[in-house]
Every structure is written in structure tokens, then in C-alpha cells.
There are 2 protein chains.
Amino acid sequence: MKEVFAILEAHNLSRTPCRMEMIKVLQEANSAVSEQLIKEKLGNSFDRTTIYRTLKSFSSQDVIHSITLEGGEVRYALTPLKQRRINHDHIHFHCSGCNNVFCIPEPKIQMPELPSGFLAKNFDLLIEGLCKTCNT
Amino acid sequence: MKEVFAILEAHNLSRTPCRMEMIKVLQEANSAVSEQLIKEKLGNSFDRTTIYRTLKSFSSQDVIHSITLEGGEVRYALTPLKQRRINHDHIHFHCSGCNNVFCIPEPKIQMPELPSGFLAKNFDLLIEGLCKTCNT
DNA sequence: ATACAAATGCAACAATGTTGCAAAATTACG
DNA sequence: CGTAATTTTGCAACATTGTTGCATTTGTAT
Ligand SMILES: [Mn+2]
Ligand SMILES: [Mn+2]
Ligand SMILES: [Zn+2]
Ligand SMILES: [Zn+2]
């Protein structure tokens, strides 16, 4: 709870119920969550618009980052403290069993050498497979 | 034109105007194209529904594959002949200058070693940067 | 040429996300 | 603490992307 305040304060975001509860939902989730799930977890007590706007505020402050799955579905996850305000280039893993999406901080991927002429700035690596729980 | 027939025949797809013209559009594009652009290139002469259904047919036969960008926008590209019916794991490059999306067949990426418990099946690597034309 | 199967257009719908505007809540300040 | 300025919120309207059911048209095989 104290951490929630700290996060908001550190990013110059005012303390509103929606923001505080959304951060709690994101903290408690052990997977990246969709807007729809956030809304449900909050008991549908906030308007969709508000949630989208809050997600935008959080994203622009690097409090969260988003992961777009192959079908276009977007999930949101808290950005690990150490990665805020710097690059948050880490792998994402989508489990086809439980449908959860995990941030995988290690290993760090090095940018592959592209054909000449291409200048790489950034990358997204999304791996699909089975997670620890679903893999047996 | 002969190739268009060959592609359709090889995948048991009947020769319809929409299919033939869509393959031509995909061949002529030097970038992955969106449904919207396909529709425009065809002079808006086909219904959106038909285009989506054709994209589905093509995808399920590996004639094309789709690339989902970070914002959720989906682009479609012909699958290189050699990769049809096998894995088509290659890199995609999104140029932030011209907004084009390119299939980059080389280098082949090897799957990174994940934390124990994760079983990787498949991956998507999307690199963002500047292409040959936009880079200078 | 006919007959059957498949593709198409249209209308309706769902999901996701955005915008304008008025009301409500936060924050800043005296 | 009380008030004013600033933000955030809810609501309605809208845009875009994609899907489905159904009747009609087209393609293919005989
Ligand atoms: Mn992540
Ligand atoms: Mn490709
Ligand atoms: Zn799982
Ligand atoms: Zn470019």
C-alpha cells in the first residue's frame, strides 16, 4: 500500500482511487493483464474510458509497459523498478496453456546483425510455449 | 500471372477475382500490407468481409502470414515459397521512417535459453528502426 | 449445360480504443 | 482550513477492426 503511494509520487501522478486500485491489481497479478481483466478485478466500478486513460498515464511514465500478442490483444504489466526510465527490453512469454503472459528479464537478448542498410533501434521478442505450470 | 494461378492451384484455392488480385497486390508490395491498403489497391471493389475471409484462407494455407505491430495493426505478406508448410520463423522489421514492414529471412535466430520450466515452441521477433531507404 | 460446392455482398454485431464535454475529485495556496 | 485552479472521471458518441448469418452469385466438375 505504501508502495502504491510511492509509485504514484515518484511519477508525479495524483492519488486517485482508480490509479491506486489499478496498481494493486497489477501488483497482485502474476501475469500481464488485459484492460478487460483489470476492469473485472476492480468490480466494474470504473468506466472503460478512465481505465484506458490511466493505462496511458502509466505507460507514458513507464510505470507499466504493454505487450501486444499475435492476435492483437494487449496486456499490461508493471515495469520492474530497475527498468523504469531506461530501456525495458526484455523477453515476453505467452503460455498457450494458461494464456498468461510473463516478463522474462533474463537472458538479455543481443540485437541480431541485420542485412546492411537496416538500422535497428528497438525490438520485441515474444515467445510462445508452455510455462512452468503448464509444462509437464 | 502464371504464378498467381500456380499459387492458388498449389493450395487448392479456387480462381476468383478477389483472390487473384489480392495475390498480385501482395506480390507487388515490397512491404507487408494492411487489409485497408489491400482494399484501396483493389479500388475498393471488394467488400471488407470478403477480403478478411480471403486473408483467412490464405493464412490457413500458409500462402501469407501476418505480422502484428506494437499498436495492434496487422500486416500481411506472402510467405516465401521455401517456407510454406514448414516453420516460417524469420525476423520482421518495422521502419519507423516509412512505416513499411519487411520480412528478414536472415539471420536465423536461435531460441534463447529460458529460465527452467519454460518450454518454448515458437517466437516472434519484431525489430523497429530505420530501413535502407530511410537510414542516413 | 447442369448441379453442387464455394465465394461473395450485405447487414448486423462485437471488441477495442479515442474524443469532447460537463461534473466531480485532487491539489495548491493563502 | 477553505477556496480556486487543475486533473480526473463518467458518459455519450464515434472510429476501426474483425466476425457471423443468410441470400445470391460465381466457380468447378461432370
Ligand atoms: Mn514485460
Ligand atoms: Mn515475414
Ligand atoms: Zn501456463
Ligand atoms: Zn523506411
Side-chain angles (χ1 to χ4, degrees), chain A residues 4-25 32-61 63-77 99 101, chain B residues 1 4-26 32-61 63-77 99 101:
Chain A
V4 174
F5 290 166
I7 292 173
L8 290 175
E9 194 152 339
H11 296 89
N12 293 308
L13 296 164
S14 53
R15 282 181 198 177
T16 68
C18 184
R19 284 175 182 174
M20 294 192 289
E21 295 194 35
M22 274 177 65
I23 290 181
K24 273 192 273 177
V25 167
V33 290
S34 63
E35 174 274 335
Q36 199 190 322
L37 187 61
I38 293 171
K39 190 158 149 43
E40 280 174 28
K41 293 253 182 199
L42 296 180
N44 294 294
S45 45
F46 296 96
D47 193 80
R48 259 172 5 98
T49 314
T50 304
I51 294 177
Y52 279 115
R53 284 196 270 230
T54 303
L55 289 171
K56 268 204 168 174
S57 302
F58 284 176
S59 290
S60 69
Q61 302 291 109
V63 174
I64 61 172
H65 60 284
S66 65
I67 304 109
T68 302
L69 304 185
E70 287 199 48
E73 184 188 344
V74 182
R75 304 279 185 97
Y76 304 89
N99 200 26
V101 172
Chain B
M1 198 58 224
V4 174
F5 290 166
I7 291 174
L8 290 175
E9 194 152 341
H11 296 89
N12 293 307
L13 295 164
S14 53
R15 283 181 197 176
T16 68
C18 184
R19 285 175 181 173
M20 294 191 290
E21 296 193 36
M22 275 178 65
I23 290 182
K24 273 192 273 178
V25 167
L26 289 158
V33 290
S34 62
E35 175 273 333
Q36 199 190 320
L37 187 62
I38 293 171
K39 189 157 149 45
E40 279 173 27
K41 293 253 182 199
L42 296 180
N44 293 296
S45 43
F46 297 96
D47 193 80
R48 264 177 354 104
T49 314
T50 304
I51 295 177
Y52 278 115
R53 283 197 270 230
T54 302
L55 289 170
K56 269 204 165 176
S57 301
F58 286 176
S59 290
S60 68
Q61 303 292 111
V63 174
I64 61 173
H65 59 284
S66 65
I67 304 110
T68 303
L69 304 185
E70 286 198 49
E73 184 189 343
V74 181
R75 305 280 186 96
Y76 304 88
N99 200 26
V101 172

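Please read all numbers here as calculations on a predicted model, not as lab measurements. Letters A, B, ... are given to chains in the order of the sequence lines, protein chains preceding strands, and every chain is numbered from 1.
Close to C:dT18, at under 4.0 Å from its OP1 or OP2, lies no side-chain N or O of A:Y52. Phosphate proximity of C:dG9 to B:S45: absent, as no side-chain N or O sits under 4.0 Å from OP1 or OP2. Taking only side-chain nitrogens and oxygens, A:Q36 never comes nearer than 4.0 Å to OP1 or OP2 of C:dA15. For A:K56, a side-chain nitrogen or oxygen approaches OP1 or OP2 of C:dT18 to under 4.0 Å.
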Test log, rule salt bridge (charged side-chain N to carboxylate O under 4.0 Å, His left out), inputs A:E21 and A:R19
CA-CA 6 Å; A:E21 295 194 35; A:R19 284 175 182 174; over 6 Å; no
Residues B:I67, B:V74; criterion side-chain contact (heavy atoms from CB on, under 4.5 Å); working and verdict:
CA-CA 6 Å; B:I67 304 110; B:V74 181; over 6 Å; no
Carefully, step by step, assess B:L55 and B:I38 under the rule side-chain contact (heavy atoms from CB on, under 4.5 Å).
CA-CA 10 Å; B:L55 289 170; B:I38 293 171; 4.0 Å; yes
Take B:S14 and B:L8 through the test side-chain contact (heavy atoms from CB on, under 4.5 Å) and record every step on the way to the result.
CA-CA 7 Å; B:S14 53; B:L8 290 175; over 6 Å; no
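The CE-P distance, from B:M20 to D:dT26, rounds to 13 Å in whole Å. C:dA15 atom P lies 15 Å from atom CG of A:L37, rounded to whole Å. Between B:D47 atom CG and D:dT17 atom P there is a gap of 15 Å when expressed in whole angstrom units. Whole-Å rounding puts the B:L8 CG to D:dG27 P distance at 13 Å. The nearest whole Å value for the distance from the CD atom in A:E70 to the P atom in D:dG18 is 14 Å. Here the C1' atom of nucleotide C:dA7 and the CD1 atom of B:I51 are 14 Å apart, to the nearest Å. Between the CD atom of B:E73 and the P atom of C:dG17 there is a distance of 14 Å, rounded to whole Å. In this structure, A:E21 atom CD and D:dT9 atom P are separated by 11 Å, rounded to whole Å.
Electrostatic pairing of A:R15 and A:E9 counts as a salt bridge here, judged by a charged N lying under 4.0 Å from a carboxylate O.
Comparing the local axis fitted to the first five base pairs of the helix from C:dA1-D:dT30 to C:dG30-D:dC1 with the one fitted to its last five gives a bend of 30°, rounded to 10°.
With sequence neighbours excluded, the residues forming a side chain to side chain donor-acceptor pair (under 3.5 Å) with B:T49 are B:D47, listed by chain and number.
For the pair A:V63/A:I7, a side-chain contact is recorded, criterion being any heavy-atom separation below 4.5 Å from C-beta on.
Within a 6.0 Å sphere centred on CD of A:E40, other residues, nucleotides and ligands contribute more than 12 heavy atoms.
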Per-nucleotide protein contact string for nucleotides 20-30 of chain C (B base, S sugar-phosphate only, - none; heavy atom under 4.0 Å)
B-----SS---
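Remark: the backbone N or O of A:F46 is not paired with any side-chain donor or acceptor of A:T50 at under 3.5 angstrom.
Among the protein residues, B:T54 comes within range of the sugar-phosphate backbone only, with heavy atoms under 4.0 Å from sugar or phosphate atoms but none that close to a base.
Residue-to-nucleotide proximity on DNA chain D shows that, of B:R48 and A:T50, the 5′-proximal contact is made by A:T50.
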